[in-house]
Amino acid sequence: MKKMILATAFAMAVVLSMSAQLSFSVNAGMADDVLVSKWTVDGKDKTQSENMSGAYLGFTTSYELVPGVAINSVMQVKYLFSLDEVNATPTRTEQVKQARNILSLEMPLRASYYYKVGDVGMFVYAGPVFEIGLINNQVTPADSDDPKIVSYYGDDSPMKRYDMRMGGGVGLTYKNFLLKGGYDFGLLDRSNHEDVSFHTRGLKVGLGYTF
């Protein structure tokens, strides 16, 4: 019985892979992330949000299983940057520039539904996003020849490299061009400290070309 079930599952997988139509697209656009920190002081919950903007560049492979329904495997690089004025030290009011640089590798896996009339179409998509943090540095002062660089990743650092998000979005197509936007919510606590939690969420809006 088990052999029959395995054989049937294998046959279905082969049929789906043979019937799936492949397409590829290149996507680029604006990325905006928010890191939400939560902790408790004297029995009161505190929340702080840190916003960072940047850009992303990705490559998508789409497997159309049946007309209009597809699985989309994405590989994309995201870069975020911020520049702020902060006190030079806790006891000095002199202001210095502090920069933050974040580079991540994201691997979204999306299910999508596509409806097309002539050259114009629209689609919706949803699914998880797996993220690996490559660089997350704070540079102070940002305009110095010898700045202090602090990494947010590592054994003794504030944040974990890995994240998983869930979300979706919508898009429009015209011939081979596409415009899309989506939002993802972080599911994992990325904090390395027990008394503080970090959750991320992100917005992306971009253009693409399918070939």
Side-chain angles (χ1 to χ4, degrees), residues 20-38 47-84 99-136 159 161-190 198-211:
Q21 296 185 12
L22 287 177
S23 64
F24 307 94
S25 64
V26 177
N27 308 272
M30 180 272 294
D32 188 89
D33 275 18
V34 177
L35 177 66
V36 180
S37 308
K38 294 184 179 181
T47 301
Q48 177 178 306
S49 298
E50 179 184 3
N51 181 269
M52 296 191 65
S53 299
Y56 76 94
L57 174 65
F59 182 82
T60 302
T61 302
S62 296
Y63 307 84
E64 188 179 49
L65 303 178
V66 295
V69 178
I71 299 296
N72 308 286
S73 175
V74 187
M75 186 74 69
Q76 62 192 24
V77 177
K78 178 181 67 180
Y79 174 72
L80 303 173
F81 175 80
S82 69
L83 183 64
D84 300 305
R100 182 88 174 274
N101 299 279
I102 298 178
L103 181 65
S104 304
L105 176 64
E106 294 184 329
M107 293 163 284
L109 183 62
R110 309 291 202 181
S112 64
Y113 176 74
Y114 179 59
Y115 181 75
K116 185 176 181 181
V117 178
D119 291 334
V120 179
M122 67 176 298
F123 60 91
V124 295
Y125 61 88
V129 179
F130 305 96
E131 178 178 335
I132 302 174
L134 304 176
I135 298 173
N136 192 337
M159 293 186 63
R161 291 181 180 271
Y162 305 100
D163 195 14
M164 179 178 176
R165 306 183 190 184
M166 184 65 69
V170 298
L172 298 173
T173 65
Y174 176 72
K175 294 185 178 180
N176 291 66
F177 297 93
L178 64 90
L179 169 67
K180 66 178 183 178
Y183 202 82
D184 300 309
F185 294 88
L187 302 178
L188 302 181
D189 181 1
R190 301 188 67 180
F198 292 150
H199 286 86
T200 53
R201 56 178 186 256
L203 169 70
K204 289 186 177 67
V205 177
L207 297 171
Y209 184 83
T210 302
F211 53 93

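- The OG atom of S23 sits 7.5 Å away from atom CG of N72, with the distance rounded to the nearest 0.5 Å.
- Once rounded to the nearest 0.5 Å, the distance linking OH of Y79 with CG of L103 reads 8.5 Å.
- A search for side-chain contact (heavy atoms from CB on, under 4.5 Å) contacts involving M166 returns P128, L187, not counting sequence neighbours.
- A donor-acceptor pair is defined here as one N or O able to donate and one able to accept, closer than 3.5 Å; no such pair exists between the side chain of R201 and the backbone of G186.
- Annotation for S49 and V34: closest pair CB-CG1, 4.0 Å, computed over non-hydrogen atoms.
- Aromatic ring orientation, F177 versus Y209: perpendicular (interplanar angle above 60°, classes split at 30° and 60°).
- In this structure, CZ in F123 is found 7.5 Å from CG in L172, a value given to the nearest 0.5 Å.
- The 12-atom threshold is exceeded at CZ of F59, counting heavy atoms of other residues, nucleotides or ligands nearer than 6.0 Å.
- Here the closest heavy-atom approach between residue R190 and residue Y162 is recorded as NE-O, 3.6 Å.
- With contacts defined as side-chain heavy-atom distances shorter than 4.5 Å, the pair R110/T60 does not qualify.
- For D184 against G168, the heavy-atom pair with the smallest separation is OD1-N, 3.9 Å.
- The environment of OH in Y115 is sparse: at most 12 heavy-atom neighbours from other residues, nucleotides or ligands sit within 6.0 Å.
- Taken from CE in M52 to CZ in F81, the straight-line distance is 8.0 Å, to the nearest 0.5 Å.
- Between G208 and N27, the shortest heavy-atom distance links the atoms CA-OD1, 3.8 Å.
- Panel note: side chain T173, backbone G121; a donor-acceptor pair is recorded below 3.5 Å.
- Contact of the N136 side chain with the R100 side chain is registered, since non-hydrogen atoms from C-beta on lie closer than 4.5 Å.
- When all heavy atoms of G202 and D33 are compared, the closest pair comes out as CA-OD1, 3.4 Å.
- Under the 3.5 Å distance criterion, with hydrogens and angles disregarded, no donor-acceptor pair is assigned to the side chains of N176 and T210.
- E50 places none of its side-chain heavy atoms less than 4.5 Å from the side chain of S37.
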Original post:
side-chain contact (heavy atoms from CB on, under 4.5 Å) between Y56 and K204: does it pass, once the steps are laid out?
Top reply: CA-CA 8 Å; Y56 76 94; K204 289 186 177 67; 3.9 Å; yes
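- Looking at heavy atoms from C-beta onward, H199 lies in side-chain contact with D189 at the 4.5 angstrom threshold.
- Of the residues listed (R161, E131, K78), the one engaging S104 in a side-chain hydrogen bond (donor to acceptor under 3.5 Å, both in side chains) is E131, and it is the only one.
- The closest side-chain heavy-atom distance from F185 to R165 is not below 4.5 Å.
- The shortest non-hydrogen separation linking A31 to L80 is O-CD2, 3.9 Å.
- Atoms CG and CE, from L57 and M75 in turn, are 12.5 Å apart once rounded to the nearest 0.5 Å.
- Considering CG of N101 and CG of L134, their distance stands at 13.0 Å, rounded to 0.5 Å.
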